[in-house]
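Reading through the structure tokens given below for one structure.
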Amino acid sequence: MLDADAVLIAAPAPAAARLLAAESPVAAAELSAVEYASMALVTMAFRRRDVLRMPKGTGFLVPPVDGRTIKASTFSSHKWGWIDEAGPDTFVLRTSVGRHGDEADLAWDDTDLVRLSRRDLGEAIGLSAAPVAARVTRWDGGLPQYPVGHVERVARIREQVGKLPGLAVCGAVYDGVGIPACIASARKAADEVLTSLAATLATGGARDTGE
Ligand SMILES: Cc1cc2nc3c(=O)[nH]c(=O)nc-3n(C[C@H](O)[C@H](O)[C@H](O)COP(=O)(O)OP(=O)(O)OC[C@H]3O[C@@H](n4cnc5c(N)ncnc54)[C@H](O)[C@@H]3O)c2cc1C
């Protein structure tokens with residue numbers, strides 16, 4: 001048991017729904033309806049001398065109509081200066097596999113995801129070199145999806161949660177999945193609970209600490 005003046009729930013929708021089920025069943029039901037996409041990232045390191053003809057730029061996206069296993073590739077050594085500096089003789093890139101409604105390829109084991117990524121990279125950019133290292137990172141339920149009506153759903157959740165003074169929600173489920181949007185939603189939630197706390201204290205409604 002933790003006695004707190006205010007609580008921010010910064011968990012993904014399924015966990016937030018469970019945490020809110022007793023106190024705010026309507027918000028919990030709305031959160032339970034949020035769908036998530038799963039994906040896997042395949043990170044590969046090559047000897048730089050083996051990949052001298054990499055395209056310029058930081059990578060590419062693959063449209064669904066192409067029917068590929070990979071959905072995107074990021075040329076990490078081009079994108080991030082620190083990766084380039086940390087391993088000037090190494091070229092690092094990653095592919096991503098799986099998108100919302102298209103997750104069957106995630107059933108492949110890690111070895112096959114590396115093989116399929118290399119096949120698609122070979123056909124897309126002519127990469128034939130073998131990586132010196134590869135790692136598969138799986139993000140099950142990693143990204144909340146925003147269908148039409150998401151903004152209204154979030155408004156309904158906030159309205160319900162707002163009825164409970166000292167409680168607020170934040171994170172990727174609400175105003176955007178990118179990290180800057182997550183931070184902004186956390187700041188907004190912190191402001192909300194501080195404001196509601198101040199209002200409670202101003203009206204003499206401080207919590208009973210037993211003292
Ligand atoms: C593969 C991938 C690549 C991405 N790339 C980018 C990118 O390049 N740029 C970008 O801006 N964004 C990117 N994103 C999106 C971004 O990283 C996420 O949307 C963001 O990190 C989510 O932050 P969050 O705090 O909402 O959730 P999380 O970071 O998932 O934090 C939620 C926390 O809640 C905790 N938790 C779960 N259940 C409970 C519980 N019952 N009680 C208490 N705590 C609980 C979890 O342990 C976790 O620590 C990417 C996402 C993925 C999956």
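Note that ligands are numbered from 1 as they come in the structure, with each ligand's atoms numbered from 1 the same way. Atom set for the values below is all heavy atoms of this structure, side chains included, hydrogens, waters and symmetry mates excluded.
Considering only residues two or more places apart in sequence or on other chains, D66 meets the salt bridge (charged side-chain N to carboxylate O under 4.0 Å, His left out) condition with none of them.
Here the rule is side chain to side chain contact (heavy atoms under 4.5 Å, CB included) with L93, and of L127, T43, T74 only L127 fits it. Shown are R53, M54, R49; of these, the side chain to side chain contact (heavy atoms under 4.5 Å, CB included) with V51 is made only by M54.
With hydrogens and angles disregarded, a donor-acceptor distance shorter than 3.5 Å links the side chain of S77 to the backbone of V92. Put simply, the side chain of H150 gets close to the backbone of Y174: a donor and an acceptor are under 3.5 Å apart.
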For each nitrogen or oxygen atom of ligand 1, which protein N/O atoms lie closer than 3.5 Å, and how far apart are they, rounded to 0.1 Å?
| residue | atom | partner | partner atom | Å |
| --- | --- | --- | --- | --- |
| ligand 1 | 11 (O) | I179 | N | 2.8 |
| ligand 1 | 19 (O) | V177 | O | 2.5 |
| ligand 1 | 26 (O) | A172 | N | 2.7 |

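Few gaps surround CD on E123; more than 12 heavy atoms of other groups in view lie less than 6.0 Å from it.
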